[in-house]
2 protein chains.
Amino acid sequence: MNLAPEYKARLDEALEHSGQRSTKQREHIFSVLLEKRDHPTADEVYARAREGMPSISLATVYNCLETLIETSLIRQVNFEREPTRYCPNLTNHAHFYCRESGEIVDIELPDELIGQLMAVLPEGFSASHIDIAYDGKCNCCHD
Amino acid sequence: MNLAPEYKARLDEALEHSGQRSTKQREHIFSVLLEKRDHPTADEVYARAREGMPSISLATVYNCLETLIETSLIRQVNFEREPTRYCPNLTNHAHFYCRESGEIVDIELPDELIGQLMAVLPEGFSASHIDIAYDGKCNCCHD
DNA sequence: GCAATAATTAGAATAATTCTAAAAAAGGGC
DNA sequence: GCCCTTTTTTAGAATTATTCTAATTATTGC
Ligand SMILES: [Mn+2]
Ligand SMILES: [Mn+2]
Ligand SMILES: [Zn+2]
Ligand SMILES: [Zn+2]
């Protein structure tokens, strides 16, 4: 429910830089995401956000999430047709979706691997982003 | 609008193998996907399918697509929150989404690269599938 | 051909997300 | 601190892709 000053500064700077205002809702949503980094859906963010801010609306949760994405403070993660999930980890990483437990785990990716993925693109293609999603069974769910 | 005998055989075998019946709708949808391999959405498949089979319903298009996916004759492709797209290319490949033109291009991936992606998973994780989606600018849309 | 089973169909229902327009809050100048 | 302008929040309606439902139709094995 409270944003460490380091993150508060990061948020304010990013908002300022994009000409948007700092509000307690934006701050709160950011803190909710940082607190439990388990890739919650918008509904889950909404439920958690209401604990510390009962009057916040779902529309605002969506608005804040979008603002945080626009300002590159978080990213969104999609698995097939499932509801979008949100992730405050800004490092190069892929996502592993466990079909058993439903858990989503960050998989750190060496820069070199990203480089190889870029290298495999045909002449004339340039990618600004690569999205990598594994699915299978995580360590907790193995026999 | 017509399914090459090679594909017809593949379809029939896959359906038989999963205990499902061969129907003209399933055959038709499969042929629509094979004919123009541009990753159409369900709506686009529906529009194309009606040209040769005006009485087909959208529900059937969805049903057939699901059957084809279940029997591994096609795969589905998702980009962020966009409608699901369908792809009859069963080789190891990633998808490149051009932000400019909206085009979706298959990117063939060497097995070795898939191997490296698997190797990067932590101990105890096993993935049955990796989904790789690039986005950026394709060759046609470059300056 | 006939019964049993599976597939197709139209339309209703669902669910995540986006939109709308009114009310509230922020920030800058005084 | 107060006023004005602009931005943000809010509740609820609207949208859109997809799934569900229940009735009709087609397929298969006998
Ligand atoms: Mn993540
Ligand atoms: Mn493809
Ligand atoms: Zn698991
Ligand atoms: Zn392009």
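A note on names: the letters A, B, ... follow the listed sequences, proteins ahead of strands, and every chain is numbered from 1. Remember, it's a predicted structure, so these values are computed and weren't measured experimentally.
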**Q.** Contact nearer the 5' end of DNA chain C, comparing B:T67 with A:E82
**A.**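 Here B:T67 is the residue nearer the 5' end.
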
Q) What orientation do B:H93 and B:H39 show, parallel under 30°, tilted 30 to 60°, or perpendicular over 60°? A)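 B:H93 and B:H39: tilted rings.
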
d([atom1], [X]; [atom2], [N]) in whole Å:
X	N	atom1	atom2	value
A:N63	C:dA21	CG	C1'	14 Å
B:R81	C:dC19	CZ	C1'	17 Å
B:L65	C:dT8	CG	P	11 Å
B:N78	D:dA17	CG	P	13 Å
B:Q76	D:dA17	CD	C1'	13 Å
B:L58	D:dA17	CG	P	10 Å
B:Y46	D:dT16	OH	P	17 Å
B:F79	D:dA17	CZ	P	17 Å

For a quick test of reading the model: is some side-chain N or O of [X] closer than 4.0 Å to OP1 or OP2 of [N]?
X	N	result
B:Q25	C:dT9	yes
B:Y62	D:dT18	yes
A:T60	D:dT9	no

Q: May I ask you to check if B:R50 and B:Y46 form a cation-pi contact, with NZ or CZ under 6.0 angstrom from the six-membered ring centre and within 45° of the axis?
A: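 Yes, a cation-pi geometry holds between B:R50 and B:Y46.
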
Should we say atom [atom1] of [X] is surrounded by more than 12 heavy atoms from elsewhere, each under 6.0 Å from it?
X	atom1	value
B:E82	CD	yes
B:E66	CD	no
B:E70	CD	yes

Q. So, B:S126 and A:H142: side-chain donor and acceptor under 3.5 Å apart, yes or no?
A.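 Yes - a donor-acceptor pair under 3.5 Å links their side chains.
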
Q. Which angle, to the nearest 10 degrees, lies between the helix axes at the two ends of the helix from C:dG1-D:dC30 to C:dC30-D:dG1, each defined by five pairs?
A.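 Angle reported: 40°, given to the nearest ten degrees.
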
Q: Would you name the heavy atoms of A:L90 and A:L73 that are closest together and state the gap between them?
A: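 The pair with the smallest heavy-atom distance is CD2-O, 3.7 Å.
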
Q) Which part of the nucleic acid, if any, lies within reach of A:T41 when heavy atoms closer than 4.0 Å are counted: base, sugar-phosphate only, or nothing? A)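 Here A:T41 touches no strand at all.
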
Do [X] and [Y] touch side chain to side chain, with heavy atoms closer than 4.5 Å?
X	Y	result
A:T91	A:L109	no
A:V120	B:P110	yes
B:D131	A:D135	no

Q. For DNA chain D, what residues of residues 12-24 of chain A have any heavy atom nearer than 4.0 Å?
A.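 The answer is A:Q20, A:R21, A:T23.
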
Q: Ignoring the backbone of A:I56, work out which of C:dT8, D:dT10, C:dA16 is nearest its side chain.
A: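 The nucleotide sitting nearest to the side chain is D:dT10.
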
**Q.** Closest listed nucleotide, where the reference is the side chain of B:P83 and the choices are D:dA11, C:dT8, D:dT18
**A.**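 For the B:P83 side chain, the nearest candidate turns out to be D:dT18.
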
